[in-house]
Participant: 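Once you've had a glance at the structure underneath, I'll fire off some questions.
Residue numbers start from 1 in every chain, and the chains themselves are labelled A, B, ... in the order their sequence lines are given, proteins ahead of strands.
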Protein chains: 2
Amino acid sequence: MAEPRKRARPGRAPGPSGRTSRPRQAEVARLAGVSQATVSLVLGGKKQGAAISAETRQKVLDAALSLGYVPDPAARRLAAARNDLLGVFSFTATFPTDVQHSYYPFLVGVEQEAAARGYDLVLFTGSSSGGAGAAGPDALSRVRLADGCLFLGRHAPTKELRRLVEDGFPAVHVGRRDEPEGLAWVGADYVSASHEVVTRLAALGHRRIVLVREDDDAPASTDRERGFLEGLEGAGLPAGPDSVFRTADPAGTLSPERLRAWLDAGVTALVAEETDTGCPWRALRSAVDEAGLDCPGELSLALLGSPPADLAAEPVPTGFDIPRPQLGAAAVRLLAALVAGEEADEPLVACPFRAGATAGPAPHRA
Amino acid sequence: MAEPRKRARPGRAPGPSGRTSRPRQAEVARLAGVSQATVSLVLGGKKQGAAISAETRQKVLDAALSLGYVPDPAARRLAAARNDLLGVFSFTATFPTDVQHSYYPFLVGVEQEAAARGYDLVLFTGSSSGGAGAAGPDALSRVRLADGCLFLGRHAPTKELRRLVEDGFPAVHVGRRDEPEGLAWVGADYVSASHEVVTRLAALGHRRIVLVREDDDAPASTDRERGFLEGLEGAGLPAGPDSVFRTADPAGTLSPERLRAWLDAGVTALVAEETDTGCPWRALRSAVDEAGLDCPGELSLALLGSPPADLAAEPVPTGFDIPRPQLGAAAVRLLAALVAGEEADEPLVACPFRAGATAGPAPHRA
DNA sequence: AGTGCTCGTTAATGCGCATTAGTAATACGC
DNA sequence: GCGTATTACTAATGCGCATTAACGAGCACT
């Protein structure tokens, strides 16, 4: 018969201090003079079925408190229960040094909502699974430690996500996503919001409006373009193929000359999409400055999203705000529902219009 | 002889799809014609001791691949008696809406270092343990589910922290801290950095320098004051009790008149400490503006810390930078050492001097 | 007194994996 | 030809918890 081995256990203070390891249910049970099963029933027991006398319950609670007992999340999980942990997985560092595309605003909402529902958050990182980036095919599977997981970032590996979804693991992507079929997501309603921006511009008298977007087919870009085009249509404006300008190399091609050309062609308003990097908007602003154009006067500008932090001030861009905290909160709500086995869905969050100061009445045609 | 019950297992695909649950090592073993233990050895085996023939190893790997086996992290962690989780506990929301005192810069370092060491992060929040704020007396107990925990924020409850420390739970506070004796911490070397700032000012010819600080006896404030006084002493300057000005209500008492009075008394440089709120510096700046003083010309200003994000630009304050990411990383290193049972300590992180543009040579006395 | 309850508690079991003692098989030495 | 290494693998065990069958005690009826 193998003797119980003594493994080195982390969490146990080193020898001299004489301290013991984290308490287990067994120790609580001993102290309370009951069995381990009883402890489990008392502590785990939000449930009804439990028939525990008030006296016993109290003894157990006291013992647990005095020992500072806290259940082991892994064991809880393994025993087919929940551990009240929600994962957050980003496909880049969650806290990038480059303050640009950070998930901070989402996390504000995520934290609040999770806290309100009694969940703690586990931050997983793409890179942490090996430092060398892509890691194994199980990079994502670490999230299974939690009851469910939120996914942030554009470049989620579809294949591995599909696996999680197929296994019925509760997963929610922040941002619209078609790829792994069946993956739940919450997203901002870019279509409606973009539509509205165009409608407002049209109401200001603009007849020729051009969308500047990145040359990337992320859903976020597609949605904005769709809303933009629908907006044009709704306003009875022509929507030719040259209504949309794609910038492969934004800084290079979006030149002051380009701007002049548009103006000459009758364009009076430019709409840029917001992205991680803020490239289109940045390029637009600098081109306008270089060309020496008067922004609300000669040319109206709008931004389909929130401006990057570093140029949020001064002329507040006309456009719409992405309610990121609300998005984060909505994601947590959805995830919590999935974890609970419910079938909730609340995919779209509305983006309020932001008046700003970069759009004005269309200038009278020469 | 209890019959194996069939529990509803999360992570198992629901019935109709006909999917079977994801494979276990046992299935891989069956397919490869070996035992579960062998599978574990092959798959888990970064270790040396394992004696596995190349042929068997390959069979197992093939089988695992063909079944798409991924290990269950919960089981892995349970069996390994470690969960590779480090806690992060803030005494306010970790992601405050108020962008002022955010822990973001720390988290950058914390995430990086934790990732590099293969730890995931559990985010606890003061409020998450009950919604209604203070929660039970065991609010802090939750952190025990991690292997160790980082504490952020000024207002950590000493009593509960003491409990954790006494139990040998690995805990590290970010920021110097005496209170619960034995609590490990990492902090910025405010003393040396403040000392240096004063030395530099003295080198510029300033003879009378006043420190503006909050009326709070946090270690961070105390340290700066100490460094400030030592700096004066080192430069052979007088350090009377009126060298330090405490602002109970900063905006109110730090008036332009106050400034004038200092100037009249021969003060040529003011040094403000940095705090969560940035109050002292903010008050100082606005008083100087109101008084219509020429900053580097008539009066030199220095900030003992990094400026708040919203007024980081324009005249970059002379002073020192707090290397928060490095602090976060150092905290994780220390915590990891404690978890491993080592006795490492690396408490102080140096703060580099920032030349800035708010300090210049002392004006010639009239 | 015996039968049928309900109530409170415990013993037993397994989740999926890592670990170690142990066994079978082959190689080596004299 | 028999002990001793060495190699390649398997059986058995437990991590900490949730779950459930089973059990003893008390009580109300026949």
Participant: So, does B:Arg76 get its side chain near the phosphate of C:dA18, meaning an N or O under 4.0 Å from OP1 or OP2?
Facilitator: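 Answer is yes, contact under 4.0 Å.
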Participant: For A:Thr56, what residues pass the side-chain contact (heavy atoms from CB on, under 4.5 Å) criterion, not counting sequence neighbours?
Facilitator: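 With neighbours one apart ignored, the set is A:Val34, A:Thr38, A:Ile52, A:Ser53, A:Val60.
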Participant: List the residues meeting side-chain contact (heavy atoms from CB on, under 4.5 Å) with B:Arg162, not counting sequence neighbours, and say none if there are none.
Facilitator: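 For B:Arg162, the residues satisfying side-chain contact (heavy atoms from CB on, under 4.5 Å) (neighbours in sequence not counted) are B:Thr158, B:Glu166, B:Pro180.
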Participant: As a test of reading the structure: which of D:dT10, D:dG16, D:dG14 is closest to the side chain of A:Asp72, going by heavy atoms?
Facilitator: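 Given the options D:dT10, D:dG16, D:dG14, the side chain of A:Asp72 is closest to D:dG16.
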Participant: Any side-chain N or O of A:Arg24 less than 4.0 Å from the OP1 or OP2 oxygen of D:dC15?
Facilitator: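 No, outside the criterion.
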Participant: Rounded to whole Å, how long is the line connecting atom CG of A:Leu41 with atom C1' of C:dT13?
Facilitator: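 Nearest whole value for this atom pair: 15 Å.
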Participant: Output all residues satisfying side-chain contact (heavy atoms from CB on, under 4.5 Å) with A:Ser66, sequence neighbours left out; order by chain, then residue number.
Facilitator: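 Partners of A:Ser66 under the side-chain contact (heavy atoms from CB on, under 4.5 Å) test: A:Leu31.
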Participant: Would you say the rings of A:Tyr104 and A:Phe106 are close, in the sense that their centroids are separated by under 6.0 Å?
Facilitator: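 Aromatic pair excluded; centres sit 6.0 Å or further apart.
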Participant: It should be established whether B:Ser35 places a side-chain nitrogen or oxygen under 4.0 Å from OP1 or OP2 of nucleotide D:dA11.
Facilitator: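 Looking at the OP1 and OP2 atoms of D:dA11, neither is under 4.0 Å from any side-chain N or O of B:Ser35.
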Participant: Between A:Asn83 and A:Leu145, is there a donor-acceptor pair closer than 3.5 Å when you use the side chain of the first and the backbone of the second?
Facilitator: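 Yes, because the side chain of A:Asn83 sits within donor-acceptor range (under 3.5 Å) of the backbone of A:Leu145.
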Participant: Heavy atoms from C-beta onward define the side chain here; which of D:dC17, C:dC17, D:dT20 lies closest to that of A:Ala37?
Facilitator: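 When the side chain of A:Ala37 is considered, D:dT20 is the closest of D:dC17, C:dC17, D:dT20.
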Participant: For A:Asp147, give me all partners under side chain to side chain donor-acceptor pair (under 3.5 Å), at least two apart in sequence or on another chain.
Facilitator: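 If we apply the side chain to side chain donor-acceptor pair (under 3.5 Å) test to A:Asp147, skipping adjacent residues, the hits are A:Arg77.
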Participant: Return the 5'-most residue of the pair A:Gln36, A:Ser53 with respect to DNA chain C, ranking by each residue's nearest nucleotide.
Facilitator: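 So the residue in question is A:Ser53.
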Participant: Where the side chain of B:Ile52 is concerned, which of C:dT9, D:dC9, C:dC17 is the nearest nucleotide?
Facilitator: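 Side chain of B:Ile52 sits closest to D:dC9.
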Participant: With a non-hydrogen cut-off below 4.0 angstrom, is A:Val34 in contact with a base, only sugar-phosphate, or nothing?
Facilitator: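 Answer is sugar-phosphate: A:Val34 comes under 4.0 Å of backbone atoms only.
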Participant: Among C:dC17, D:dA11, D:dT19, which nucleotide has an atom closest to any side-chain atom of B:Ala79?
Facilitator: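 Ranking C:dC17, D:dA11, D:dT19 by closest atom to the B:Ala79 side chain puts C:dC17 first.
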Participant: Listing time: all N or O pairs from protein to nucleotides 5-7 of chain C that are below 3.5 Å?
Facilitator:
none

Participant: Check whether any side-chain nitrogen or oxygen of A:Thr38 sits under 4.0 Å from OP1 or OP2 of C:dT10, and answer yes or no.
Facilitator: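 Answer yes for this pair, as a side-chain N or O of A:Thr38 is under 4.0 Å from OP1 or OP2.
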Participant: Test of understanding: with side-chain contact (heavy atoms from CB on, under 4.5 Å), list the residues that count as partners of B:Arg144, not counting sequence neighbours.
Facilitator: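 With sequence neighbours excluded, B:Arg144 shows a side-chain contact (heavy atoms from CB on, under 4.5 Å) to A:Val70, B:Ser141, B:Arg163, B:Leu164, B:Asp167, B:Phe169, given in chain and number order.
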